[in-house]
Amino acid sequence: MSYNSPFTGNVIQPTDVSYRDITITNTNLQLEWPINGTTTDDAAARIMEVATTGVSELWMPPANQSSVGNDALIRNIGGEDFDVMDYDGQNVIVTVLVGEAQYIYITDNPDEQGTWGIIAYGIGSSGQDAATLAGYGLLAIGQTLNQSQPVTTFSSNYTALTTDRSSTYVWTGGAGTLTLTLASTLADNWFMFLRNSGTGSLTVAGSGGNTINGSTSIILQPTDSCIIVCSGTTFYTVGLGKSTQFAFTQLSKAVLSGSYTLTASEASNVIQKYTGALTGNVTIVVPATVQVYYIVNETTNAYTVTITTGSGGTAVLTAGSQATLVCDSVNLYNANTVLAGASVVSLNNGSVGAPSLNFASETTTGIYRAASGEFNIAILGVLRSTVSASGLAIVGTGTFSGGVLGGTF
């Protein structure tokens, strides 16, 4: 049978059936265009009110037997949702929810399935179909869009994707890593929620050189949580909650020689341990902020580790030593008095007016180091004796109640 007009060569427009009331029960109903010669009553009408029961679908007639623009308004008057399919049930054109109306029309008809356009008529009266508008982070409930924040638990390394916008991810494993897709891919205003409910630390790392809070990575200890937001070029955390159970974190850093500038993430570790077989003296540059550091020098070989802000007073640690350092944003002061388990205690050089080791009630009396190879004693800010490789030099007179033995005077 030909569907082309012998006068114009165009596809014949089917005869118009204005309205049909259709009931489908546990089957799929294949419609036909109302063309002369149709052998069934299953004609497609311009307006169809449909009620279904069980697994049922409504299949539209062949698109290439009609002209583009041929249309139908389909309303669900039953108690179950159903799918409207193209010819022979190959593809879903639209899902019609209970009480909803959908308007469909042919936009292209090169084959039986064709291409169909859709206009949502909403429920009851004319209204927007919220489901067609819901994107990531939004949930359609009835005719309204609602905020959505789905929760996903994970226990193996994962890469956050564009589709994770507004999602909540909860870590449940041991130590692991969450990698963030390139900031340029996620784009400005992408965000996700993250919580570490596992038993180990969770590292959050950027890709392709992207940073998070100015560092290449951050660490969430168990029970830590935050919101991660993307600016399109970098990442930030908002409301990074730190568990008081993990008030201290440790940095373990291998060094060899030369200068190392700590990142903000590294410097946030109050306890810092330095390891490695040194080939030269090492300088560690910490941020110029007020902070307390517990430093453990576990390096080997006869070289030192110096902690500095880049200016002001520094702290020098020899191999195997420890120190509690207080930084006032410029200077580093050794706060140690008695160091448990330490084999070496290092002091600043001090001066005659401010000896390194002095008395709380008389800070100008004590010991200091005036020059290389010297051990000096100051009394009330005045040098009184010096011990060096050449011997003992006393400034001022001396009284020896028990006499003096040996040597030449």
Side-chain angles (χ1 to χ4, degrees), residues 118 120 128-141 143-198 200-243 246 249 251 253 260-269 285-291 309-310 329:
I118 306 167
Q128 181 60 54
D129 181 4
T132 63
L133 298 177
Y136 305 127
L138 293 174
L139 175 66
I141 301 178
Q143 288 183 278
T144 63
L145 288 174
N146 300 266
Q147 193 172 25
S148 174
Q149 195 174 310
V151 177
T152 300
T153 59
F154 69 117
S155 58
S156 58
N157 295 343
Y158 179 71
T159 298
L161 307 173
T162 303
T163 52
D164 293 319
R165 173 188 291 272
S166 189
S167 295
T168 297
Y169 273 76
V170 180
W171 174 253
T172 58
T177 300
L178 174 73
T179 303
L180 301 170
T181 295
L182 287 171
S184 58
T185 300
L186 297 179
D188 186 23
N189 79 37
W190 178 93
F191 67 99
M192 71 177 296
F193 300 81
L194 182 64
R195 176 180 172 81
N196 184 355
S197 289
S201 61
L202 177 64
T203 300
V204 183
S207 301
N210 290 155
T211 60
I212 179 168
N213 291 347
S215 301
T216 55
S217 65
I218 63 171
I219 296 177
L220 271 64
Q221 298 294 344
T223 74
D224 288 353
S225 60
C226 66
I227 303 172
I228 300 174
V229 295
C230 178
S231 69
T233 57
T234 189
F235 296 93
Y236 302 96
T237 62
V238 177
L240 179 56
K242 289 288 187 181
S243 169
F246 295 90
T249 56
L251 167 70
K253 190 175 183 69
Y260 297 81
T261 299
L262 299 186
T263 66
S265 178
E266 289 176 325
S268 67
N269 295 277
V285 181
V286 299
T289 58
V290 176
Q291 182 61 286
T309 62
S329 78

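- Proximity of a side-chain donor or acceptor of Ser166 to a complementary backbone N or O of Ser148 within less than 3.5 Å is detected.
- Although no hydrogens or angles enter the test, the distance criterion places a donor-acceptor pair under 3.5 Å between the side chain of Ser215 and the main chain of Ser265.
- Side-chain contact check for Thr168 and Gln149: at least one donor-acceptor pair (N or O, by modelled atom type) lies under 3.5 Å.
- Two residues are said to be in side-chain contact when any heavy atoms from C-beta on lie closer than 4.5 Å; Glu266 and Val286 fail this criterion.
- Judged by distance alone, the side chain of Asn210 and the main-chain N or O of Ala183 form a donor-acceptor pair under 3.5 Å.
- Residues that satisfy the side chain to side chain donor-acceptor pair (under 3.5 Å) test with Asn213, not counting sequence neighbours, are Thr237.
- Residues passing the side chain to side chain donor-acceptor pair (under 3.5 Å) test with Thr185, sequence neighbours excluded: none.
- Partners of Tyr158 according to the ring pair (Phe, Tyr, Trp, His ring centres under 6.0 Å) rule, which considers only residues two or more places apart in sequence or in another chain, are Tyr169.
- Applying the ring pair (Phe, Tyr, Trp, His ring centres under 6.0 Å) criterion to Trp190, with sequence neighbours excluded, gives no partner residue.
- Remark: Thr233 engages Ser231 in a side-chain contact (heavy atoms from CB on, under 4.5 Å) (not counting sequence neighbours).
- Counting heavy atoms from C-beta on, the side chains of Met192 and Leu186 never come closer than 4.5 Å.
- Partners of Val290 according to the side-chain contact (heavy atoms from CB on, under 4.5 Å) rule, which considers only residues two or more places apart in sequence or in another chain, are Ser329.
- A donor atom on one side chain and an acceptor atom on the other are found under 3.5 Å apart for Thr211 and Thr234.
- Without hydrogens or angle criteria, Thr181 side chain to Ala160 main chain gives a donor-acceptor distance under 3.5 Å.
- For the pair Thr152/Val170, no side-chain contact is recorded, criterion being any heavy-atom separation below 4.5 Å from C-beta on.
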Could you please spell out the steps behind the side chain to side chain contact (heavy atoms under 4.5 Å, CB included) verdict for Leu262 and Leu251? CA-CA 10 Å; Leu262 299 186; Leu251 167 70; 4.2 Å; yes

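- In this structure, the side chains of Thr179 and Thr177 come closer than 4.5 Å at one or more pairs of heavy atoms.
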